[in-house]
Visitor: 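If you scroll down you'll find the structure; I have some questions about it.
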2 protein chains.
Amino acid sequence: MNASNGKVPMPTLERLANYLRYLLDLEQERVETISSAEVEQQTGINAAQFRKDLSYFGEFGKPGVGYNVAELQSRIAHILKLDQEQRVLLVGAGNLGSALVGYPGLKEHRFNLVAVFDNNYSKIGRKLWDLEILDLGRLKEVNAVLRARMGILAVPRVAAQSVAEGLVDAGVDSILNFAPLILRVPPHVVVRNVSFVQELAVLSYHLSSEPPQHALDAKG
Amino acid sequence: MNASNGKVPMPTLERLANYLRYLLDLEQERVETISSAEVEQQTGINAAQFRKDLSYFGEFGKPGVGYNVAELQSRIAHILKLDQEQRVLLVGAGNLGSALVGYPGLKEHRFNLVAVFDNNYSKIGRKLWDLEILDLGRLKEVNAVLRARMGILAVPRVAAQSVAEGLVDAGVDSILNFAPLILRVPPHVVVRNVSFVQELAVLSYHLSSEPPQHALDAKG
DNA sequence: TCAACTCTGTGAACTTCTTCACAATCGGGT
DNA sequence: ACCCGATTGTGAAGAAGTTCACAGAGTTGA
């Protein structure tokens, strides 16, 4: 009775994509039905958490039975709009950008990289996999046709803010930002940040004084 | 008086790396002193949040004055152990692995990629930038010498769990995981996950029925 | 038909994180 | 020497997220 009205906690949304991945595996294994208790056992995510996450979007299971894997999978995909093509612009044809174009996970989830931009004239015109690298200056013009609403920012930090503004100007309202800085964008634009260094720093912090395990190994 | 005893909230740790990045910028601009109010103005992070985050680790500022940029920068780097070399193993010499080896941000923060492994015999022996790609089977043997405690997992999903176990067996106790699955590891091991698809899915969800901005543009 | 069992959906309790608000401190000006 | 404006560090309030615990719905078997 909660269904999708009020607003959904961000952690719930983040977990939804995990559930989807997990359900796709179960489907592959021909599992038809799953209970929240089994989800907890197999993924480590608390069963009540799983149920409550789903409850934000309606009722998905049958008491006494559990959840139909195929149905749940497809309903989550629908919630996340992963059941329709999403056109995505990529800015930055460096190492990272190149890796993203080649990453098969995007296509699998219907994210379609429709154009790659760079401002480096030695790259413009070349191909990155099957996409021609376009002049960053043509961003707005090109997206007037493509009408992508998602953008990936894989440029150096100093360029990121101005490129973000270019993306917004070109009609993009969701940005995945790989540059290590906080982007300032208009309120209607949603930004998600991915920072390798931040993640490594958190790991580094946890490398406390615990002795490495090596010494404990005693092997024949 | 809170200093570093109790345990630190995860969101605080995540923000610490951002503060560091920001402080390095300020240092470059020759800013000597900064107040929490200025931090809020420039980064959007609430001033009280900034102060409380720091308070978990001691006292860093002077009332009526603010924080000394250089000192704060170096103390945060110390907290995160970014003031000393951290040796890191990379597993997976694909597109993503390759991009990571070439990513300058790692070296800048003293993360030192000391070895790259892959199980693909057509890759083993080749060079990725300046590092030779080693046989994944030699992971433990090699790390007995290198003694890295951090590992980056940039392998396909199906291989990730077993490679993670290999890393742990080789003495690694911090893992940065790029494969879209929940790794099962012993309790002393810390894992951070980076999932492009998850991030894009969250963005995709937010692409609600708002009309794209294109139509609103009325240009000469 | 009914009893025994399973499992969902959710209010309520609990835990964690964020923000407020203010006493305590500092530095500068006179 | 003292006052005044600025700014910190932190208890306490508030908001957000997680987990508990149970009523109620469904299923199975006799």
Side-chain angles (χ1 to χ4, degrees), chain A residues 1-19 23 26 31-69 71-73 75-76 79 182 198 202 205, chain B residues 1-19 23 26 31-69 71-73 75-76 79 182 198 202 205:
Chain A
M1 205 182 287
N2 205 340
S4 194
N5 31 12
K7 92 179 200 339
V8 180
M10 183 60 77
T12 291
L13 286 176
E14 293 173 357
R15 282 187 296 265
L16 237 40
N18 297 158
Y19 299 154
L23 290 164
L26 291 177
V31 177
E32 293 205 343
T33 292
I34 190 98
S35 71
S36 61
E38 290 171 295
V39 172
E40 170 159 359
Q41 205 189 348
Q42 291 176 43
T43 69
I45 294 170
N46 179 286
Q49 180 83 81
F50 178 78
R51 297 199 300 274
K52 187 164 291 271
D53 283 343
L54 295 179
S55 80
Y56 290 104
F57 303 97
E59 310 203 347
F60 294 79
K62 279 203 202 123
V65 182
Y67 301 84
N68 178 289
V69 172
E71 188 203 327
L72 185 56
Q73 180 273 314
R75 289 184 63 185
I76 291 179
I79 290 165
I182 297 170
Q198 173 177 296
V202 172
Y205 171 81
Chain B
M1 206 182 287
N2 205 341
S4 195
N5 30 11
K7 94 180 198 340
V8 180
M10 184 60 77
T12 291
L13 286 176
E14 292 173 358
R15 283 187 294 267
L16 237 39
N18 297 156
Y19 299 153
L23 289 165
L26 291 177
V31 177
E32 294 205 343
T33 292
I34 190 98
S35 72
S36 61
E38 290 170 294
V39 172
E40 169 160 0
Q41 206 190 347
Q42 291 176 45
T43 69
I45 294 170
N46 178 287
Q49 179 83 79
F50 178 78
R51 296 199 301 274
K52 186 162 295 267
D53 283 343
L54 295 178
S55 79
Y56 290 103
F57 303 97
E59 311 203 346
F60 295 76
K62 280 202 202 127
V65 182
Y67 301 85
N68 179 289
V69 171
E71 188 203 327
L72 185 55
Q73 180 272 316
R75 289 184 64 185
I76 291 179
I79 290 166
I182 297 171
Q198 173 177 295
V202 172
Y205 171 82

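Quick note on labels: first sequence line is chain A, next is B, and so on, each numbered from 1.
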Visitor: Could you check B/N68, B/V39, B/V65 and say which one makes a side chain to side chain contact (heavy atoms under 4.5 Å, CB included) with B/I34?
Guide: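 Exactly one pass, corresponding to B/V39.
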
Visitor: Distances under 3.5 Å between protein N/O atoms and the N/O atoms of nucleotides 21-24 of chain D, please, pair by pair.
Guide:
residue : atom : partner : partner atom : Å
D/dA21  : N6   : A/R51   : NH2          : 3.1

Visitor: Which listed nucleotide (D/dT10, D/dG9, C/dT8) is nearest to the side chain of A/S35?
Guide: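 Nearest to the side-chain atoms of A/S35, counting from C-beta on, is C/dT8.
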
Visitor: Are A/S36 and C/dT8 close enough that a side-chain N or O sits under 4.0 Å from OP1 or OP2?
Guide: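 Yes, because at least one side-chain N or O of A/S36 sits under 4.0 Å from OP1 or OP2 of C/dT8.
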
Visitor: Answer whether the closest heavy-atom distance between the side chains of A/L16 and B/V202 falls below 4.5 Å.
Guide: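 In short, these two side chains do not touch, never coming nearer than 4.5 Å.
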
Visitor: Could you please name the option among C/dT19, D/dT18, D/dT8 that lies closest to any side-chain atom of A/P11?
Guide: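 Minimum distance to the A/P11 side chain belongs to D/dT18.
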
Visitor: Looking at A/F57, is A/R75 sitting on its ring face, NZ or CZ under 6.0 Å from the six-membered ring centre and within 45 degrees of the normal?
Guide: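 The answer is no, since A/R75 fails at least one limit relative to A/F57.
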
Visitor: Kindly say if A/N46 contacts the phosphate of D/dC20, meaning a side-chain N or O under 4.0 Å from OP1 or OP2.
Guide: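 Affirmative; the distance criterion is met.
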
Visitor: For A/E40, check salt bridge (charged side-chain N to carboxylate O under 4.0 Å, His left out) against everything at least two apart and list the hits.
Guide: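 Per chain and number, A/E40 pairs via salt bridge (charged side-chain N to carboxylate O under 4.0 Å, His left out) with no residue.
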
Visitor: Given C/dC17, D/dT8, C/dT19, identify the nucleotide with an atom nearest to the side chain of B/P9.
Guide: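 Between C/dC17, D/dT8, C/dT19, the one nearest the side chain of B/P9 would be C/dC17.
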
Visitor: Under 4.0 Å from OP1 or OP2 of D/dG9: is there any side-chain N or O of B/Y67 that close?
Guide: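 Yes, because at least one side-chain N or O of B/Y67 sits under 4.0 Å from OP1 or OP2 of D/dG9.
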
Visitor: Report the nucleotide, chosen from D/dT7, C/dT8, D/dT27, that has the shortest atom-to-atom distance to any side-chain atom of A/V65.
Guide: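 It is D/dT27.
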
Visitor: Which nucleotide in the set C/dT18, C/dT8, D/dT18 lies at the smallest distance from any side-chain heavy atom of B/Q49?
Guide: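 Output: C/dT18.
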
Visitor: Measure the distance from CD1 on B/I34 to P on D/dA6 and round it to the nearest whole Å.
Guide: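 Roughly 17 Å, once rounded to whole Å.
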
Visitor: To the nearest Å, give me how far apart CD (B/E38) and P (D/dT8) are.
Guide: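 After rounding, the reported distance stands at 9 Å.
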
Visitor: Has B/Q42 got more than 12 heavy atoms of other residues, nucleotides or ligands less than 6.0 Å from its CD?
Guide: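 Result for CD/B/Q42: enclosed.
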
Visitor: Tell me every residue that passes side-chain contact (heavy atoms from CB on, under 4.5 Å) with A/R15, counting only those two or more places apart in sequence or in another chain.
Guide: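 Only A/P11, A/T12, A/Y19, A/I45, A/Q49, A/D53 meet the side-chain contact (heavy atoms from CB on, under 4.5 Å) criterion with A/R15.
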
Visitor: If you pin A/M10 and A/K62 to their nearest nucleotides in DNA chain D, which one's is more 5'?
Guide: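 Here A/M10 is the residue nearer the 5' end.
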
Visitor: For the residue pair B/S36 and B/Y67, what are the closest heavy atoms and their distance?
Guide: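 Nearest pair, atom of B/S36 first, then B/Y67: N-CE1, 4.1 Å.
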
Visitor: Rounded to whole Å, please give me the gap between CD in B/E14 and C1' in C/dC17.
Guide: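 About 12 Å, once rounded to whole Å.
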
